[in-house]
Each structure stands twice: as structure tokens, then as C-alpha cells.
Amino acid sequence: MNKHIVLYKKLSPALMIRLQERAQVTLIDTLDSDGLQRLRAALPSAHGLLGASLRLDAELLDLAPRLEAVSSVSVGVDNYDIDYLSGRNILLSNTPDVLTETTADTGFALILATARRVVELANLVRAGQWNHNIGPLHFGSDVHGKTLGIIGMGRIGEALAQRGHFGFGMPIIYHSNNPKPAVEKRFNAQYRSLSQLLQQADFICLTLPLTAQTQGLIGAEEFALMRPESIFINISRGKVVDENAMIAALQQRQIRAAGLDVFEREPLQHDSPLLHLDNVLATPHIGSATHETREAMARCAVDNLLAALAGERPANLVNEVVWRQRLERV
Ligand code: 8YV
């Protein structure tokens, strides 16, 4: 195919070769100011874009008049103006499924590490402060048998429920746009309104996408419904939470602790109060960040892009309307 692909995310040598054998490839290997300048210079001739962690808005994509497809190395698509892309007949694809289990593992890692204060106490050992048997001052909270509340019962939420139900004997309650009978049957999960879940769950986990409807979903009122012994876990998107309200709830001990992998601004600002709270465990957006899964995501994204540029429907198409419109024109 006589196409120009612009990458704004590094790929493994094998995937780079796969693309270079089929198209002209430009790699923008950093997203600093110089990298963004090189990206803007490459856009006018780009037919395909592949990458992640960059807001692709109209101002930027207006520089790419030949663009046919954007392939995101992510399941979240909040970095894309989907209406704009669809209006320009540009296919958007993402990488669901391949990251589900790894991201659910991250969610459970945060549940366990936050409840049992693993990082805090490991650092105490490393600092040479383990001088006597651990006492109540350093006790954590049990996980097994506690109620796991999942907000957003999609693929990742379901994988989290599987871990809780079968692995730790946790009663599962959940809130989502629609009841999920199959999930209820498989995990004996029970649907709750958002306020009921916040009042009843011991662990409250966010596993929903960032959309206009979910932005700021968990604010001061919602934190006030949670119990003082509850633990809040976010592996979705930072902006689903009012971060200042969460900080206040943690400072005032309205909730016991938080395990956070995502933040309103990433990387987390060095002066964030979250970094000075002893009941916060913060990780740098490692949800899908394993060698195996990131390679699988990149491979999926390459497959999606090559299909789109060859005139085929990508396996993981986000804006189906664009494909339907193309078929109608055939
Ligand atoms: C990645 C993610 O960290 O898939 C997503 O939506 O947030 C993570 O898997 C990120 O998108 C970079 O690939």
C-alpha cells in the first residue's frame, strides 16, 4: 500500500519491520516540544496514526488532510474527539480485551497493597525501622470476605469480580449503566444504585471509561457516603474523580485509604497533596504495563491500522458509523 504511517509511540523491532514492509513509516519517539513539532510537520502527509497518551484534537488533526485511520494503543478513547473523527470519515480503533486481565491484576494488586499497607511497611523495613513485632499501629485491613463494590461492570470490572469472588470469597456488588444478569449469575453479584454501593462496599473500585457522563462522578457527596473503614481504588481515569474532594476525604479520614493508578493530571504533579498522605498508595498508570500486554496491545493496534489502510474493517473499531457510511457508498 502506498501509505504514510506516523507513529507517536515506539514499537518493538518486529512490529516496526511489519509496518515498514507495508508502508512509509515516520516515528516520533518523544512527545516533548521537539517531538510534537516533528509530529505536526509529519501530519500533512499522514494516512495513518498510531500511538497513545496524547490528546488528538481538531486543532492538531486539521493538519492531517489525508488521514484515514487512527489506531490507539489503549482501551480508553478519551484522548480522541470521536465526533470530529467520524465527521471526517476517519476510522478510530483501540485495543480492548488484550489488556483486560493485566489491568484487573493491577486493580487487585492495589486492593491488597493498600489494605495491607504493603508499600508503607516494606519501606519501614528498608529504612531500618523494623525494631519490634508489628503492632496495632501498623495493622492493615482484611481483604478476604470483604464486600467488593465495582463501579463500571465492563470487561475489566468483570475480571476484577472474578478475582474477588473466586480468589478471595468476596461478596460482589456493582453499579453500571445496565444490570448484567450473566455477571450476577457467574459471581452471585448484586446490582446496586451508586449511593447504595458507596454505603455498603468495603472496597470501592472504579473500572469505567471517562466520558462526558462519568467525568467528576465521584465527588464530595459520594465520598461522604463511604464508610470510614472503606478503601477507594481507581484504575479507570483520574478525571472520573473530583481529586480535591478525594484529598479532603482522605485528610479527614472519611475513608480509610486510597489505591490510585490514575490521576487528573499525569504524571502526578510533584506538589500534589496525594504524595504526602500516609493513607494513599499511588502508582504511575501501570494498569496494562507489562512486557507481554503492552506488546500484545501494540500488535493489536498495528493489525487494526493495517486493516484500515487496506480498506478493511479493523477488528476493534470504535466509531462503527464511519464503516457503515463507507459500505453505503460502495
Ligand atoms: C495505557 C490505558 O496506559 O488502555 C488504556 O486506556 O490507560 C493503558 O492501558 C495507556 O493507554 C498507554 O498505552
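Remember, it's 1-based here, ligands and their atoms both numbered in the order they're listed. Just so you know, these numbers come straight off a predicted model, no measurement behind them.
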Does Glu320 form a salt bridge (charged side-chain N to carboxylate O under 4.0 Å, His left out) with Arg313? I'd like the steps, not just the answer.
CA-CA 9 Å; Glu320 186 73 34; Arg313 184 190 184 284; 2.4 Å; yes

What about Ser53: any of its N or O atoms under 3.5 Å from an N or O on ligand 1?
no

Under 3.5 Å: N/O of Val75 near N/O of ligand 1
yes

Atom 1 (C) of ligand 1: the protein heavy-atom neighbour that sits closest, reported with distance to 0.1 Å:
Arg294 NH2, 3.5 Å

Should you measure from each heavy atom of [X], which atoms of ligand 1 turn up under 4.0 Å away?
X: Leu99; result: 4 (O), 9 (O)
X: Val73; result: 11 (O), 12 (C), 13 (O)
X: Ala52; result: 12 (C), 13 (O)
X: Ser74; result: 4 (O), 5 (C), 6 (O), 11 (O)
X: His285; result: 2 (C), 3 (O), 7 (O), 8 (C)

For the side chain of Arg326 and the backbone of Asn89, is there at least one donor-acceptor N/O pair under 3.5 Å apart?
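Yes, Arg326 side chain to Asn89 backbone: donor-acceptor pair under 3.5 Å.
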
Tyr191 side-chain N/O to Ser176 backbone N/O, donor-acceptor pair under 3.5 Å:
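Indeed, once roles are kept as given, a pair shorter than 3.5 Å links the two residues.
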
Heavy-atom distances under 4.0 Å decide this one: backbone, side chain, both or neither, for Arg237 against ligand 1?
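For Arg237, only side-chain atoms sit under 4.0 Å from ligand 1.
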
Closest non-hydrogen atom pair, Gly145 against Met170
N-CG, 4.1 Å

Minimal non-hydrogen separation, Arg294 against Ser288, with atom names:
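Closest heavy-atom pair between Arg294 and Ser288: NE-OG, 2.8 Å.
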
Taking atom types as modelled and ignoring hydrogens, do the side chains of Asn319 and Ser86 form a donor-acceptor contact shorter than 3.5 angstrom?
yes

Can you tell me if Glu68 and His47 form a side-chain donor-acceptor pair at under 3.5 Å?
no

Can you check which of Ser288, Gly51, Pro284 brings a heavy atom nearest to atom 9 (O) of ligand 1?
Ser288

